[in-house]
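Input: a single structure, listed below in structure tokens.
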Amino acid sequence: MVAQKKDVKLNEKMYDILLKPIITEKTTLVAEQGKIVFAVKLDATKTDVKNAVEKVYNVKVKSVNTVMKPGKSKRFKGVPGSTTDVKKAYITLEEGHNIDIMAGLK
């Protein structure tokens, strides 16, 4: 019973690490090379991201590269503010594995 609760918490944590897939022109070009881009939590490590993708999507991950994009200073109606920081993970999958991110989009 304890092991089952631990597995459930582990799976919930995996879903919390991967925030959303990033779909832009650049990421669709990168997808042709077998790479997928996700926005991940700012404190997630490469091994956390690799384990999360392997558990959630049942694929084998070859490598993970992360990029930190700091927020920009902006003004809204004269009030200074800033956009949020984003951490992106470029995930390279093993040969024969793929993730269809566009499956649910219409």
Side-chain angles (χ1 to χ4, degrees):
M1 183 103 164
V2 174
Q4 186 179 11
K5 284 185 180 181
K6 188 175 182 181
D7 289 340
V8 170
K9 286 189 178 191
L10 182 68
N11 289 338
E12 289 175 2
K13 183 181 176 192
M14 297 297 171
Y15 282 105
D16 290 340
I17 291 172
L18 302 174
L19 300 178
K20 63 182 178 181
I22 298 176
I23 303 171
T24 61
E25 281 187 53
K26 182 178 178 181
T27 59
T28 52
L29 293 174
V30 171
E32 294 174 358
Q33 302 168 358
K35 296 182 182 182
I36 296 171
V37 183
F38 282 98
V40 297
K41 289 182 76 170
L42 295 176
D43 60 347
T45 63
K46 290 182 180 185
T47 55
D48 291 340
V49 173
K50 179 179 178 179
N51 292 334
V53 171
E54 287 181 347
K55 293 263 187 188
V56 172
Y57 293 103
N58 295 324
V59 294
K60 291 295 275 181
V61 175
K62 187 174 184 180
S63 67
V64 176
N65 295 328
T66 57
V67 177
M68 286 292 297
K69 180 185 163 208
K72 296 180 179 180
S73 298
K74 298 283 185 176
R75 295 178 83 74
F76 182 71
K77 294 187 177 181
V79 179
S82 64
T83 58
T84 58
D85 298 341
V86 177
K87 185 172 189 176
K88 297 180 192 177
Y90 287 81
I91 300 163
T92 306
L93 301 175
E94 291 283 344
E95 288 291 322
H97 292 275
N98 63 351
I99 298 173
D100 189 15
I101 294 175
M102 300 289 195
L105 299 176
K106 290 184 180 182

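Side-chain contact between I99 and V53 is present, with heavy atoms from C-beta onward closer than 4.5 Å. In this structure, E94 and V59 have side chains that are not in contact, with every pair of non-hydrogen atoms separated by 4.5 Å or more. By the 4.5 Å heavy-atom criterion applied to side chains, V40 and L19 are not counted as neighbours.
The distance from atom NZ of K55 to atom NZ of K50, rounded to the nearest 0.5 Å, is 12.5 Å. Here D48 contributes atom CG and D16 contributes atom CG; the two are 11.5 Å apart, rounded to the nearest 0.5 Å. Expressed to the nearest 0.5 Å, how far NZ of K74 lies from OG of S82 amounts to 10.5 Å. Expressed to the nearest 0.5 Å, how far CD of Q33 lies from OH of Y90 amounts to 11.0 Å.
The environment of K35 atom NZ is sparse: at most 12 non-hydrogen atoms of other residues, nucleotides or ligands sit within 6.0 angstrom. Open room surrounds CD on E25; 12 or fewer heavy atoms of other groups in view lie less than 6.0 Å from it.
Between I22 and T27, the shortest heavy-atom contact is O-OG1, 3.1 Å. Summarising the geometry of D85 relative to L42, their closest heavy-atom pair is O-CD2, 4.0 Å, with the distance given to 0.1 Å. Pairing each heavy atom of M14 with each of A52, the nearest pair is SD-CA, 3.3 Å. The shortest non-hydrogen separation linking T66 to K46 is OG1-CE, 3.8 Å.
Sorted by first then second residue, the ring pair (Phe, Tyr, Trp, His ring centres under 6.0 Å) pairs that include residues 22-76, not counting sequence neighbours, are F38-Y57.
Applying the side-chain hydrogen bond (donor to acceptor under 3.5 Å, both in side chains) test to T83 and every residue at least two apart in sequence or in another chain returns nothing. Remark: S73 engages no residue in a side-chain hydrogen bond (donor to acceptor under 3.5 Å, both in side chains) (not counting sequence neighbours).
Using a distance-only test at 3.5 Å, with no hydrogens or angles considered, a donor-acceptor pair links the side chain of K87 to the main chain of A44.
Linking ILVMFWY residues whenever their side-chain heavy atoms come closer than 4.5 Å, directly or via other members, places I91 and I23 in the same cluster. Note on V37: it does not cluster hydrophobically with V61, by side-chain heavy-atom contacts below 4.5 Å among ILVMFWY residues.
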